[in-house]
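Quick notes on the structure that follows.
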There are 2 protein chains.
Amino acid sequence: MRKGEETRAKILDAAEAAMLAKGFGATSIDELIVETGITKSGFFYHFRDKNELAKALLERYIENDERIYDEIFGRAHELADDPLQAFLIGLKLLSELLSDLPNGHPGCLVATMCTQERAFDREIQEMNRQAALMWRRRFGAMFREIMQVYRPREPLDADQLADMVSTVLEGGIVLSKALKEPKSLPDQLLVFRSFVRLLFQPAVQP
Amino acid sequence: MRKGEETRAKILDAAEAAMLAKGFGATSIDELIVETGITKSGFFYHFRDKNELAKALLERYIENDERIYDEIFGRAHELADDPLQAFLIGLKLLSELLSDLPNGHPGCLVATMCTQERAFDREIQEMNRQAALMWRRRFGAMFREIMQVYRPREPLDADQLADMVSTVLEGGIVLSKALKEPKSLPDQLLVFRSFVRLLFQPAVQP
DNA sequence: TACACTCCTGTACCGCCGGTAAAGTTTTCC
DNA sequence: GGAAAACTTTACCGGCGGTACAGGAGTGTA
């Protein structure tokens with residue numbers, strides 16, 4: 001039982017790296033079993049087919065993603081009581097974490113599965129949707145907290161602002177990859193951070 | 001000659017739709033020739049291999065993309081002399097254009113080829129990079145114009161702001177697809193528009 | 001009118017890949 | 001020690017990307 005999960009994890013690790021680099025279709029089961037040191041039948045013992053693999057992959061990815069956000073914004077809330085300050089600190093911590101990735105962000109599985117949506121079944125598309133909705137709920141709650149203390153200078157919706165976090169992250173990943181500039185992603189996040197600060201901080205001087 | 005270009009265009013049309021929907025790997029040449037009403041040999045007469053097809057596809061896509069931006073921001077500059085107003089009008093026009101797409105944005109080829117980068121050769125990766133750099137130059141020039149008239153309230157770099165346009169577009173496309181909410185993309189663009197207005201418009205009241 | 005050139009079709013073939021089937025073997029855990 | 005889990009082995013299938021090459025139809029041109 002323990003051994004099985006280990007092998008499964010090894011397959012998922014290899015698959016995740018390959019899928020993020022080459023996409024779903026270009027990642028062959030054969031290459032995964034070579035990298036994992038397993039036979040083809042061994043692979044199909046763990047996953048009924050490639051779609052099942054994709055599902056397991058996405059599930060694990062989203063869980064990990066949530067864990068990271070929990071940690072970062074949890075830490076941010078320890079460092080500041082004010083909801084705006086906590087959020088700004090969270091964005092900074094996230095930007096620093098992304099800066100520290102040596103080869104840049106490896107890519108977002110949600111995004112790769114969105115840009116290849118018709119290659120996956122409805123269940124996966126629904127998982128993707130739920131992931132995006134969870135991001136909206138998470139950051140939306142933060143913006144609503146902030147709005148109870150600060151009045152935004154522009155009448156923007158908390159959910160739309162929350163979506164902007166996801167947008168900047170997903171867009172920043174794409175741009176970083178296109179430009180081959182890993183710094184772009186953390187930089188874009190800091191630009192967004194400036195916007196948020198500008199939106200909620202009271203106007204300075206007369 | 002005329003006939004050949006026509007067939008070529010038909011292949012590219014079918015390929016673009018399929019690639020944006022399913023990705024590169026999941027799009028088979030066989031399905032393209034069925035849709036185009038051509039034989040397999042006929043396909044390989046036009047494109048040496050699948051990578052050649054991808055290259056032609058990307059080239060055409062980027063040209064069209066540039067044309068659209070030329071039109072929209074050209075029109076915006078006709079409607080306002082002030083560079084900030086022109087840019088804000090341009091974003092609004094772009095948002096409206098994206099709102100009018102009945103099934104939402106079909107996806108960005110640059111993004112799909114970035115999220116599957118290792119499936120393509122270096123030439124394509126370089127084309128992608130050049131496309132992102134052109135966006136940066138285009139919007140960077142606009143922000144520099146704006147900055148000659150308005151002082152930003154936060155010390156942000158024109159190129160980073162330019163990249164933010166690409167980020168919001170690419171990220172908005174991903175989010176729209178994930179959420180299955182076509183409105184998200186134009187909405188996110190309008191949120192960004194509010195940020196730009198906030199950044200450059202002088203503070204109201206003492 | 002003939003030729004050259006573009007734009008294909010037809011046929012036959014190759015190896016990789018996703019997937020199936022089923023029987024057998026080793027490893028792990030209780 | 002025995003059952004269940006975790007595989008291996010072998011054999012096979014059809015689809016797909018790609019190659020090779022011969023042939024043919026339509027078109028502009030000398």
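All values derive from a computational prediction rather than experimental measurement. Lettering follows sequence order; numbering is per chain, from 1. Just so it is clear, the values below take in all heavy atoms, side chains as well, and ignore hydrogens, waters and symmetry mates.
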Residues of residues 119-128 of chain A with any non-hydrogen atom less than 4.0 angstrom from an atom of DNA chain D: list those, numerically ordered, please. none

Salt bridge check: are B/Glu78 and B/Arg75 linked by an N-O gap of less than 4.0 Å? yes

How many Å lie between CZ on A/Arg8 and P on D/dA5, as a whole number? 15 Å

Ring-plane angle category for A/Phe143 and A/Phe192, please: parallel below 30°, perpendicular beyond 60°, tilted otherwise. perpendicular

Under 4.0 angstrom between A/Thr7 side-chain N/O and D/dA6 OP1 or OP2: no

Can you tell me if the side-chain N/O atoms of B/His46 get under 4.0 Å from OP1 or OP2 in C/dC8? yes

Taking A/Ser176 for the side chain and A/Ile173 for the main chain, is one N or O donor matched with an acceptor at less than 3.5 Å? no

Rounded to the nearest Å, what distance is computed from the CD atom of residue A/Glu6 to the P atom of nucleotide D/dA5? 18 Å

Specify the separation, in whole Å, of atom CD of A/Glu5 and atom P of C/dT28. 14 Å

Taking N or O atoms only and anything under 3.5 Å, show me the protein contacts with nucleotides 24-26 of chain D, one pair per line.
none

Can B/Lys55 and B/Glu52 be counted as an ion pair, charged N to O under 4.0 angstrom? yes

Is a salt bridge present between A/Arg67 and A/Glu63, judged by a nitrogen-to-oxygen distance below 4.0 Å? no

Do nucleotides 16-23 of chain D as a string where each nucleotide becomes B, S or -: B if the base has a protein heavy atom under 4.0 Å, S if just the sugar-phosphate does, - if no protein is that close. SBBBB---

ring-ring contact (aromatic ring centres under 6.0 Å, His included) pairs, two or more places apart, involving residues 28-49 of chain A: A/Phe43-A/Phe47

Applying side chain to side chain contact (heavy atoms under 4.5 Å, CB included), can you list everything that pairs with A/Arg138, at least two apart in sequence or on another chain? A/Glu66, A/Tyr69, A/Asp70, A/Met142

Donor-acceptor pair, B/Arg136 side chain versus B/Ala162 backbone, under 3.5 Å? no

Would you list the pairs meeting ring-ring contact (aromatic ring centres under 6.0 Å, His included) in which at least one residue belongs to residues 96-124 of chain B, sequence neighbours left out? B/Phe24-B/Phe120

Please confirm whether the shortest side-chain N or O distance from B/Tyr45 to OP1 or OP2 of C/dC7 is below 4.0 Å. yes

Pair B/Asp187 + B/Arg193: basic N to acidic O under 4.0 Å: no

Within this structure, what is the CG-CD distance for the pair B/Leu133 and A/Glu181, rounded to the nearest 0.5 Å? 7.0 Å

